[in-house]
Amino acid sequence: MCDPVQIGMSLMKFAEKQAAADAQNKAAREDYFQKVNQTQQASLQTHAQMSDQLFQDSILAAENQAAVYANTEGMGGSLVGRLVRNQKATEARNKNNIDINYEMDVQQKQYEMQGYQVQSTGRMKKGPSLIPVGLEMYDIYNKDQLAQGDTSNGTA
């Protein structure tokens, strides 16, 4: 008959390895979700900052256009038109630069989150296999059979 203590020890070793793998995987998942959450928060903050910058830029452009109109009351229409178009072009360039910077920031954050996923997957640990436990039990069984065979041969 197989030794239940040895079998129990084999199963306990397996359970300990499985628990360690589960703990490591849980920690890797939590780390991944924390990093993604922080990256998303940073992205929202960047978006708010750039939106505010765009808003401030729009206010400044409107003030500049109003100043151009006020300062050029007595001048010809083409000069006023040119100055206003220049102000609108500056505003459009600034808006375009802000939009491009935001898109690049979003792209960078997406790459960071993909990197977090790869890093988390790399830290995951596959659980132990039951094959070694089965082989251990088979060895215990064979030793037990061999011992029983020796006992029966010694008495006969």
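In what follows, residues are counted from 1 in the order of the sequence shown.
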Minimum heavy-atom separation for Ile98 to Met50, with atom names?
CG2-O, 3.7 Å
Taking atom CE of Met137 and atom CG of Leu130, what is their separation to the nearest 0.5 Å?
8.0 Å
For residues Ser120 and Ala28, report the shortest heavy-atom separation together with the two atoms involved.
OG-O, 3.3 Å
Quick one: pull up CD in Gln45 and CD in Gln40 and give me the separation to the nearest 0.5 Å.
12.5 Å
Going by atom types alone, do Thr121 and Gln117 pair a side-chain donor with an acceptor below 3.5 Å?
yes
With the side chain counted from C-beta on, respond yes when Gln56 and Leu60 share a heavy-atom pair under 4.5 Å apart, and no when they do not.
no
Picking from Gln107, Gln108, Gln114, what satisfies side chain to side chain donor-acceptor pair (under 3.5 Å) with Tyr111?
Gln107
Between OG of Ser129 and CD of Gln18, what distance do you get to the nearest 0.5 Å?
10.5 Å
Lys143 vs Asp139, test: salt bridge (Lys or Arg N to Asp or Glu O under 4.0 Å). Steps then yes/no.
CA-CA 6 Å; Lys143 287 177 186 175; Asp139 285 345; over 6 Å; no
Indicate yes or no for a side-chain donor-acceptor contact from Ser58 to the backbone of Leu54 under 3.5 Å, with no hydrogens or angles considered.
yes
Does Asp105 come within less than 4.0 Å of Lys109, counting only side-chain N to carboxylate O?
yes
Do any N or O atoms from the side chain of Asn25 and from the backbone of Ala21 form a donor-acceptor pair under 3.5 angstrom?
yes
Residues Lys26, Asp22: salt bridge by 4.0 Å N-O rule
no
Has Met124 got more than 12 heavy atoms of other residues, nucleotides or ligands less than 6.0 Å from its CE?
yes
Is the shortest heavy-atom distance from the side chain of Thr90 to the side chain of Arg93 under 4.5 Å?
yes
Are the side chains of Arg123 and Gln119 in contact, using a 4.5 Å heavy-atom criterion?
yes
Is it true that atom CD1 of Ile131 has more than 12 heavy atoms of other residues, nucleotides or ligands lying nearer than 6.0 Å?
no
Please report the shortest heavy-atom distance between Tyr116 and Thr39, naming the atom on each side.
CE1-OG1, 3.1 Å
Contacts of type side chain to side chain contact (heavy atoms under 4.5 Å, CB included), residue Lys13, not counting sequence neighbours:
Glu136
Is Lys35 atom NZ crowded by more than 12 heavy atoms from other residues, nucleotides or ligands, each under 6.0 Å away?
yes
Heavy-atom nearest pair, Val133 first then Phe14, reads CG2-CB, 3.6 Å
